[in-house]
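Please read the structure below before turning to the comments.
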Protein chains: 2
Amino acid sequence: MSPAEKTRPTGRGSLRDSVLGEDLIFLLARANALALAAANTALAQHGLKARSYSVLALAADGVRPTQRELAEFLRLDPSQVVALVDGLEERQLIERQTDPADRRANVLVATEAGRDLFAQAQESARDVELGLLATVPPKEHERLAELLRLLAFPD
Amino acid sequence: MSPAEKTRPTGRGSLRDSVLGEDLIFLLARANALALAAANTALAQHGLKARSYSVLALAADGVRPTQRELAEFLRLDPSQVVALVDGLEERQLIERQTDPADRRANVLVATEAGRDLFAQAQESARDVELGLLATVPPKEHERLAELLRLLAFPD
DNA sequence: ACAAATAATTGACTTTATCAACGGTTAATG
DNA sequence: CATTAACCGTTGATAAAGTCAATTATTTGT
């Protein structure tokens, strides 16, 4: 008891000194929210969002991913990939090619227009990235990426 | 030119060697997706999700946040906070107290039951966190947190 | 005292996410 | 082989999350 707290002191340093400020999961969520928002607004000028950008990226560098691989990689339900691919295919940025090795599967390939658009979008993406990294000492950039890779791909 | 790629070699190392594998925004998104999923399933046993956990956490350590502060901190629309708070309040885990200093605002405070539940949930959260960090050398844990803080709070 | 700004809330609406079911194809089994 | 089981993409139904404008109660500035 002794609830002697004054009423104001929600005050100064604010919430980030609370337990959550040290919660990795929360930090990840918030960092992601900021990054995603920035990326989406920047990519909008190319008619893309982070999601469609990712799909285009993979199609564009010739990895020939199947939709299922994409779903797993992007952590999406396969049905969401369908919609994503539909959108990009209608805009003739990518193409579904039925995998000759397994005719159930579609392999995604970027058209020339797709590769061109990606090249442009990639610049925007890079700018956003640099913006986000503005507060991080450049020396640490690579280490941060490395650490994030460990979280993103724990194998 | 020279498109000599065989058809199979989507093969081995897979997609993570593509451009996206170095894309910070993507890595953040994927790491977050994994963390969020793990957190949600672990917190489910307490009837919480990452979101409600965060709200409870802030209410529980006496920061007396207002809903607006919460919205900004968690990067949510104020209307989403309403729903979140409704849920926790119905379960009598937190309470809205109209801020005496500004009677428009509600200040969130955890009940004793709320603090108890949070204490338990926090352990689950910690386990999840350690699980996620399993691939990261312990020496680097604090540095990772520090770097994420920079991304999450660029000020 | 009045106008403008702000906190929470509601409601309409769009976007994302989750899940089960289906047709076509391949892999595994007997 | 001939089935059976498993798998890929797709669809459709449903639920959850996110976005936005409008409203009420209160506060702030003038």
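Numbers restart at 1 for each chain; the letters A, B, ... are given by sequence-line order, proteins then strands. All of these numbers come straight from a predicted model, not from anything done at the bench.
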| note | From CG of A:Leu76 across to P of D:dC8 the rounded distance in Å is 16 Å

| message | For a quick check under 3.5 Å, do A:Glu95 and A:Gln97 share a side-chain donor-acceptor pair by atom type? | response | yes

| query | Between B:Phe26 and A:Tyr53, is the gap from one ring center to the other below 6.0 Å? | reply | no

| task | Remember a base hit wins even if backbone is also touched, and classify A:Asn106 as base, sugar-phosphate or nothing at under 4.0 Å, heavy atoms. | result | sugar-phosphate

| query | Between A:Leu74 (CG) and C:dT16 (P), how many Å, whole number? | reply | 14 Å

| message | From CG of B:Asp86 over to C1' of C:dT10, roughly how many Å is that when rounded to an integer? | response | 11 Å

| query | If you look at every strand shown and take non-hydrogen atoms under 4.0 Å, does B:Gln80 touch a base, only sugar-phosphate, or nothing? | reply | base

| Phosphate-side-chain proximity, B:Arg68 and C:dT6, N/O vs OP1/OP2 below 4.0 Å | no

| task | Starting from P on D:dT14, measure out to CG on A:Asp77 and report it in whole angstrom. | result | 17 Å

| field | Side-chain donor or acceptor of B:Thr66 paired with backbone N/O of B:Val107 under 3.5 Å | value | no

| request: Give a yes/no answer on whether the side chain of B:Arg103 brings an N or O atom under 4.0 Å of OP1 or OP2 in D:dT27. | output: yes

| message | How many whole angstroms separate atom CG of A:Asp99 from atom C1' of D:dC8? | response | 11 Å

| query | How long is the line joining NZ of A:Lys49 and C1' of D:dT19, in whole Å? | reply | 11 Å

| request: Check every strand shown and say whether B:Arg75 touches a base, only sugar-phosphate, or nothing at a heavy-atom separation below 4.0 Å. | output: nothing

| Between the side chain of B:Arg16 and the main-chain N/O of A:Arg149, is any donor-acceptor distance below 3.5 Å? | no

| message | Need to verify one output field. Residue with the more 5' nearest nucleotide on DNA chain D, A:Val81 or B:Arg51? | response | A:Val81

| field | Atom pair distance, as rounded to whole Å: CG in B:Leu84 and C1' in D:dA16 | value | 12 Å

| field | A:Glu112 atom CD, neighbour heavy-atom count above 12 within 6.0 Å | value | no

| query | With a 3.5 Å cut-off and just heavy-atom distances, do the side chain of A:Ser79 and the base of C:dC19 make a donor-acceptor pair? | reply | yes

| Between C:dT15 (P) and A:Asn40 (CG): distance, integer Å | 13 Å

| said: For a quick test of reading the model: is some side-chain N or O of A:Arg104 closer than 4.0 Å to OP1 or OP2 of D:dC7? | reply: no

